[in-house]
Asks: 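Structure below; questions to follow.
We're numbering straight along the sequence, starting at 1.
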Amino acid sequence: AQGPSYSCAKVEAGSVEEMICKDEALSAFDRTLADVYANALKKSSDEQMLKAEQRGWLKGRNECWKSDDQTACVREHYQRRIAELQATYRLVPETGPFTFACSGGPVREFTVSFFQTDPPTLIAERGTSVSLMFQKPSASGTRYQGQNETFWEHQGEATVTWGFEAPEMKCSRQ
């Protein structure tokens with residue numbers, strides 16, 4: 001079995017890095033992320049920013065030692081980061097962009113592009129604001145959640161919130 005993308009020789013005992021070294025599936029996620037990150041660096045217009053974001057992500061991943069299920073926490077961190085980089089840097093196939101027109105709000109139109117990541121993602125753009133959202137379980141239609149945005153589409157109609165405690169907007173695909 002192959003290890004992660006980094007050397008396991010000097011990892012601290014009991015650390016998240018050691019756990020990854022000992023877990024074949026987590027090591028595979030680490031190697032995948034290393035490849036995706038290298039491809040993102042090639043496409044990035046701001047290498048320093050991407051490197052800073054990656055350092056921040058590593059700190060967040062290493063906080064998984066506090067989790068009740070450390071393995072699941074690390075796995076989720078890897079899945080989300082891989083999907084985020086793949087969508088942000090257009091490293092996987094995308095569908096769209098699709099334009100939606102909404103009622104209410106100062107900017108009544110936005111575009112959405114869907115990405116074949118795991119988990120599925122979309123990038124929505126409204127005015128100068130951009131949101132990366134991850135697909136969430138939904139009883140009907142397709143629902144995505146970003147940091148302060150939601151997008152729920154059902155039969156060509158979308159319900160969108162854009163911003164913390166923002167009102168829902170009803171939107172239709174153009």
Side-chain angles (χ1 to χ4, degrees), residues 29 32-33 35-64 66-69 72-174:
F29 275 122
T32 299
L33 177 58
D35 290 342
V36 170
Y37 177 71
N39 288 327
L41 273 173
K42 291 175 190 172
K43 290 187 133 191
S44 176
S45 60
D46 189 347
E47 254 185 57
Q48 296 309 316
M49 178 63 78
L50 179 56
K51 288 178 179 180
E53 288 172 356
Q54 190 70 4
R55 286 189 300 273
W57 175 84
L58 282 168
K59 287 180 183 178
R61 179 207 65 189
N62 290 344
E63 291 294 307
C64 283
K66 299 174 185 176
S67 175
D68 290 338
D69 188 342
C73 178
V74 171
R75 181 178 52 248
E76 183 178 314
H77 269 74
Y78 273 105
Q79 287 175 318
R80 290 178 64 91
R81 182 62 174 160
I82 290 166
E84 175 185 14
L85 291 172
Q86 288 174 327
T88 301
Y89 293 94
R90 272 59 176 178
L91 302 174
V92 294
E94 75 180 273
T95 306
F98 300 102
T99 301
F100 286 82
C102 307
S103 59
V107 178
R108 298 170 197 258
E109 192 173 272
F110 68 97
T111 60
V112 175
S113 295
F114 298 90
F115 295 89
Q116 295 177 21
T117 56
D118 180 21
T121 53
L122 69 73
I123 293 179
E125 299 179 53
R126 182 174 182 231
T128 59
S129 184
V130 177
S131 178
L132 172 71
M133 300 184 212
F134 292 89
Q135 188 173 359
K136 299 293 181 186
S138 176
S140 63
T142 308
R143 184 174 175 272
Y144 289 82
Q145 177 74 47
Q147 188 166 348
N148 289 309
E149 300 79 29
T150 60
F151 175 87
W152 180 68
E153 184 179 23
H154 184 68
Q155 298 178 342
E157 298 292 316
T159 303
V160 177
T161 56
W162 198 275
F164 182 69
E165 294 185 358
E168 283 187 348
M169 298 182 291
K170 299 296 182 190
C171 311
S172 57
R173 191 184 293 185
Q174 301 298 293

Asks: In the structure I gave you, are the side-chain heavy atoms of Thr121 and Gln135 within less than 4.5 Å of one another anywhere?
Replies: no
Asks: Checking side chain to side chain contact (heavy atoms under 4.5 Å, CB included) for the pair Glu168/Val160: CA distance, chi angles, key distance, verdict?
Replies: CA-CA 6 Å; Glu168 283 187 348; Val160 177; over 6 Å; no
Asks: Report yes or no: do Thr117 and Gln86 form a side-chain donor-acceptor pair below 3.5 Å?
Replies: no
Asks: Within this structure, what is the CD-NZ distance for the pair Gln54 and Lys51, rounded to the nearest 0.5 Å?
Replies: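 It is 11.0 Å, given to the nearest 0.5 Å.
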Asks: Could you tell me how the ring of Phe110 sits relative to the ring of Phe100: parallel (under 30°), tilted (30 to 60°) or perpendicular (over 60°)?
Replies: parallel
Asks: Rounded at 0.5 Å granularity, tell me how far CZ in Arg143 sits from OG in Ser138.
Replies: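 Output value for this atom pair is 7.0 Å.
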Asks: Which distance, rounded to the nearest 0.5 Å, do you find between the CG of Asn148 and the CZ of Phe164?
Replies: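 The CZ atom of Phe164 is 7.0 Å from CG of Asn148, to the nearest 0.5 Å.
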Asks: What's the verdict on salt bridge (charged side-chain N to carboxylate O under 4.0 Å, His left out) for Glu149 and Arg126, showing C-alpha distance, side-chain angles and the deciding distance?
Replies: CA-CA 11 Å; Glu149 300 79 29; Arg126 182 174 182 231; over 6 Å; no
Asks: Can you give me the closest heavy-atom contact between Ala124 and Met133, atom names plus distance?
Replies: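 Nearest pair, atom of Ala124 first, then Met133: CB-CE, 3.9 Å.
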Asks: Strictly distance-based, threshold 3.5 Å: is any side-chain N or O of Thr161 a donor or acceptor partner for the main-chain N or O of Thr150?
Replies: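 Yes.
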Asks: Let me confirm one number: the OG1-CG distance from Thr32 to Leu85, rounded to the nearest 0.5 Å.
Replies: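 The OG1 atom of Thr32 sits 12.0 Å away from the CG atom of Leu85.
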Asks: Any idea which heavy atoms bring Phe29 and Ile82 closest together, and the distance?
Replies: O-CD1, 3.9 Å
Asks: Quick check: closest heavy atoms across Val36 and Leu91, and the distance to 0.1 Å?
Replies: O-CD1, 3.7 Å
Asks: Looking at OH of Tyr89 and CG of Leu41, how far apart are the two atoms once the value is rounded to the nearest 0.5 Å?
Replies: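 Output value for this atom pair is 8.0 Å.
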Asks: Does the side chain of Lys42 come within less than 4.5 Å of Ser44's, by heavy atoms?
Replies: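 No - every pair of side-chain heavy atoms lies 4.5 Å or more apart.
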Asks: Would you find more than 12 non-hydrogen atoms of other residues, nucleotides or ligands less than 6.0 Å from Gln147 atom CD?
Replies: no
Asks: Could you tell me the separation between the CG atom of Leu132 and the CZ atom of Arg80, rounded to the nearest 0.5 Å?
Replies: 8.0 Å
Asks: With a 4.5 Å cut-off on side-chain heavy atoms, are Arg81 and Glu53 touching?
Replies: yes
Asks: Mark yes or no for whether Gln79, through its side chain, and His77, through its backbone, hold a donor-acceptor pair below 3.5 Å.
Replies: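 Side chain of Gln79 to backbone of His77: no pair is present.
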Asks: Is there side-chain contact between Arg173 and Glu153, with heavy atoms separated by less than 4.5 Å?
Replies: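 Arg173 reaches Glu153 side chain to side chain.
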Asks: Which atom names give the shortest non-hydrogen contact between Ser131 and Gly146, and what distance separates them?
Replies: OG-CA, 4.2 Å
Asks: Using the ring centroid of each side chain, check whether Trp162 and Phe151 are separated by less than 6.0 Å.
Replies: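 Distance test on ring centres: not under 6.0 Å, no.
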